[in-house]
Amino acid sequence: MRYLKFIVLLIVIFSLTNCEKQTELVNKTTDAQIVGFITEKCYCCWGWVIKVGAETIKAEQIPNLSPSENKVFPIKARITIGEKTIDCSNRTIDINSMPDYYEIKEFTLIK
């Protein structure tokens, strides 16, 4: 019985100290604002800038949305976020880390 309690304790400890941080944004459908498109072609620079609540993310592409069209930002939308595609947490500008890139599975304009 004592070994069983020890094993349960180890499982709880390992699950609470998971090495890789899981984000609550993956596979989430939520309201968001597309606040801009950065045309600079550098690692973790280029792409759509999206505000989801208090968090900022980026996407290389958004379905049915083209960067070449003249857009008035911010664009209010409902998006479905997929997996993280590029991890930019090790890149910084000044003291702020750059937002990570996510796949955008669905995009619906909110008017």
Side-chain angles (χ1 to χ4, degrees):
M1 186 67 174
R2 191 169 42 167
Y3 291 113
L4 182 62
K5 287 181 182 179
F6 181 70
I7 290 172
V8 169
L9 178 65
L10 285 178
I11 291 171
V12 169
I13 289 173
F14 285 125
S15 66
L16 292 177
T17 60
N18 191 2
C19 293
E20 186 174 324
K21 179 184 172 189
Q22 297 296 323
T23 178
E24 66 269 2
L25 293 176
V26 173
N27 296 321
K28 181 178 181 179
T29 300
T30 185
D31 290 344
Q33 288 188 352
I34 291 61
V35 294
F37 185 84
I38 299 174
T39 58
E40 185 179 348
K41 291 270 192 173
C42 69
Y43 186 72
C44 292
C45 295
W46 187 85
W48 296 99
V49 181
I50 305 166
K51 292 289 279 182
V52 179
E55 193 165 346
T56 301
I57 64 171
K58 289 183 117 177
E60 292 184 287
Q61 56 187 332
I62 297 176
N64 303 321
L65 195 61
S66 171
S68 61
E69 300 169 10
N70 290 332
K71 301 288 182 205
V72 177
F73 295 107
I75 300 170
K76 294 182 180 183
R78 183 149 188 87
I79 60 172
T80 300
I81 302 169
E83 298 292 323
K84 185 186 292 188
T85 57
I86 302 173
D87 183 2
C88 297
S89 60
N90 60 343
R91 309 278 295 188
T92 59
I93 294 178
D94 299 326
I95 59 170
N96 299 321
S97 64
M98 300 180 82
D100 295 327
Y101 285 76
Y102 288 84
E103 170 192 18
I104 304 300
K105 293 181 175 182
E106 293 180 29
F107 168 81
T108 307
L109 190 63
I110 297 176
K111 295 187 180 199

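Model, not experiment: these values are computed from the prediction. Along the sequence shown, residues carry numbers from 1.
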Quick check for you: to the nearest 0.5 Å, what is the distance between Ile57 atom CD1 and Cys88 atom SG? 11.5 Å

What distance do Ile62 atom CD1 and Asn64 atom CG have between them, rounded to the nearest 0.5 Å? 10.5 Å

With sequence neighbours left out, the residues meeting side-chain contact (heavy atoms from CB on, under 4.5 Å) with Thr39 are Phe37

Looking at every non-hydrogen atom in both residues, tell me the closest pair between Lys84 and Val26 and how far apart they are. N-CG2, 4.5 Å

Looking at every heavy atom in both Tyr102 and Ala59, which two are closest together, and how far apart are they? O-CB, 3.6 Å

Distance, nearest 0.5 Å, that separates CD of Gln61 from OG of Ser66: 11.0 Å

Can you tell me how far apart OG1 (Thr56) and CD (Gln33) are? Round to the nearest 0.5 Å. 10.5 Å

Does atom NZ of Lys76 have more than 12 heavy-atom neighbours from other groups under 6.0 Å away? no

List the steps, then state whether side-chain contact (heavy atoms from CB on, under 4.5 Å) holds for Arg78 with Leu109. CA-CA 6 Å; Arg78 183 149 188 87; Leu109 190 63; over 6 Å; no

Selection residues 102-111 - residue pairs positive for salt bridge (Lys or Arg N to Asp or Glu O under 4.0 Å), sequence neighbours left out: none

Stepwise side-chain contact (heavy atoms from CB on, under 4.5 Å) test for Asp100 and Ile86: CA-CA 6 Å; Asp100 295 327; Ile86 302 173; over 6 Å; no

So which atom in Met98 and which in Cys44 form the shortest heavy-atom distance, rounded to 0.1 Å? CE-O, 2.8 Å

Carefully, step by step, assess Asp31 and Ile110 under the rule side-chain contact (heavy atoms from CB on, under 4.5 Å). CA-CA 9 Å; Asp31 290 344; Ile110 297 176; 3.5 Å; yes

ILVMFWY cluster, Val49 and Tyr43 together (side-chain gap under 4.5 Å): no

Name the residue from Ile79, Ile81, Ile75 that meets the side chain to side chain contact (heavy atoms under 4.5 Å, CB included) definition with Ile50. Ile79

Test log, rule side-chain contact (heavy atoms from CB on, under 4.5 Å), inputs Trp48 and Leu65: CA-CA 10 Å; Trp48 296 99; Leu65 195 61; 3.7 Å; yes

